[in-house]
Amino acid sequence: MTAIDYLHESNCGNIPFDGKVVVVGGGNVAIDASRVSSRNKASQVQQFCLEQEVDMPASNEEIAEAREDGVTIHCGWGPQEIIETNGKVSAIVFKKCVSVFNDEGKFAPVYDENTTVTVDCERVIFAIGQRSVWGDLLKGEDVKFNGPAIELNKVTFQSSVEDIFAGGDVYTGPKFAIDAIAQGKIAAESLHRYVHHGHMETGRNRWEFKPLDTDDILVESYDRGPKQVEGINSKVTDKFKDNVLALTEEQIKKETSRCLGCGATIVDANKCIGCGICTTKCDFDAIKLHRDHPECSTMTVAEDKFKAIIPYQLKRVKNIILKKKVEH
């Protein structure tokens, strides 16, 4: 079964399985399947993936927590064959994976067919990603593909057929949902330009960034201390309950001291009139106004405004009356 189907069944109250489980895959979904299997009373959970641990798509935290749940992770193996006995899974054969990507960085695993291992199990869960199934959607269209992925203009997300645009996993392969949403927004602008006969690339944000070389930078004001790690509440025995503790006060102080203060801004004096409305609208009370020359004017808080307005009004009325008497 697939990891998505298994996790859905488990979340819907699936009966615990106490047999031996093998999970195939190295991403966070595979880790989730392994951990849920372990927590659902599996007698043994082993996870196999093509990548070496340093290259696994899963986060380091997830990998560490999976091991805490009793999952055994084997890196550098790919599935070769599933063995059945009486119509049920009895074992799975893996072959050694020598490399996962080719020289161009594309997914092209290479195996050592002579090095295999057979693992006894009663359930196999696959979490090896998904691919797009186009069906007849592009039937009759001369759309170019790079393997399973559609070829697109990197700026406009326009395909080789000028009125077909795309984005998301069908172009990039498995990535985050927010990446697909961002590409959908760019493709929507391209569609708008296309139907209005606008220029497709002029004035576009190309989203080209040069990675920061963190090994060649020194920010004296930045605390290079390690990220603080939450503690574990050993009193929580139910593995489906959250056993992560909040940071201590000392940890919070250390964590916040790592901040570069990137939220600090300088107001453009040519645009700001000093009304202070921004300070009342910020939900986080992050905006403060500082007066460089307080002696130049007198300011009164809104709650005490009448203490300043009434004397001013009386003074105005007095001046008006005296002026009228002089004129007469």
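Since we're looking at a predicted model, the values are computed, not measured.
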Note to self: Quick one: does any side-chain atom of R39 pair with a main-chain N or O of D238 as donor and acceptor, under 3.5 Å?
What the structure shows: no

Next item on the list: Check the hydrophobic clustering (I, L, V, M, F, W, Y; side-chain heavy atoms under 4.5 Å; chains of links allowed) and say if Y111 and V93 are grouped together.
Entry: no

Note to self: Do I73 and M56 make a side-chain contact, defined as non-hydrogen atoms from C-beta onward lying under 4.5 Å apart?
What the structure shows: yes

Next item on the list: Would you confirm whether S160, through its side chain, and K144, through its main-chain N or O, come within 3.5 Å as a donor-acceptor pair?
Entry: yes

Check: If you measure from the Lys or Arg side-chain nitrogens to the Asp or Glu carboxylate oxygens, is any gap between K20 and E122 under 4.0 Å?
Finding: no

Item checked: The single option from F165, F157, F145 passing ring pair (Phe, Tyr, Trp, His ring centres under 6.0 Å) against Y171 -> F157

Note to self: Side chains of E162 and Y194: any donor to acceptor distance under 3.5 Å?
What the structure shows: yes

Next item on the list: Verify the distance criterion only: is there a donor paired with an acceptor across the side chains of T156 and S190 at less than 3.5 Å?
Entry: no

Check: Would you say I92 and I83 make side-chain contact, with heavy atoms under 4.5 Å?
Finding: no

Note to self: Under 3.5 Å, is there a donor on one side chain and an acceptor on the other for D5 and T2?
What the structure shows: yes

Notebook entry, point to check: How would you list, by chain and number, every residue that makes a ring-ring contact (aromatic ring centres under 6.0 Å, His included) with H197, sequence neighbours excluded?
Noted result: none

Next item on the list: Taking atom types as modelled, find out whether Q46 and Q44 have a side-chain donor-acceptor pair closer than 3.5 angstrom.
Entry: yes

Check: Is the ring centre of F48 less than 6.0 Å from the ring centre of F94?
Finding: yes

Check: Taking C-beta and beyond as the side chain, do S159 and I150 meet within less than 4.5 Å on heavy atoms?
Finding: yes

Checklist line | R193: partners by salt bridge (charged side-chain N to carboxylate O under 4.0 Å, His left out), with sequence neighbours left out | finding: E189

Next item on the list: Take R35 and E62 through the test salt bridge (Lys or Arg N to Asp or Glu O under 4.0 Å) and record every step on the way to the result.
Entry: CA-CA 9 Å; R35 297 182 67 187; E62 290 276 358; 3.5 Å; yes

Margin query: With a 4.5 Å cut-off on side-chain heavy atoms, are L152 and Q158 touching?
Written below: no

Margin query: Under the rule for ring-ring contact (aromatic ring centres under 6.0 Å, His included), what residues qualify as partners of H8, not counting sequence neighbours?
Written below: none

Margin query: I'd like to know if the side chain of E201 pairs up with that of N153 as donor and acceptor (distance under 3.5 Å, no hydrogens or angles considered).
Written below: yes

Note to self: Quick check on the hydrophobic clustering: are V36 and I128 connected, directly or via other members, by side-chain heavy-atom contacts under 4.5 Å?
What the structure shows: no

Note to self: I want to check something: taking the side chain as every heavy atom from C-beta on, are D18 and S43 in contact at a cut-off of under 4.5 Å?
What the structure shows: no

Margin query: Could you check whether S132 and D169, counting side-chain N and O atoms only, form a donor-acceptor pair closer than 3.5 Å?
Written below: no

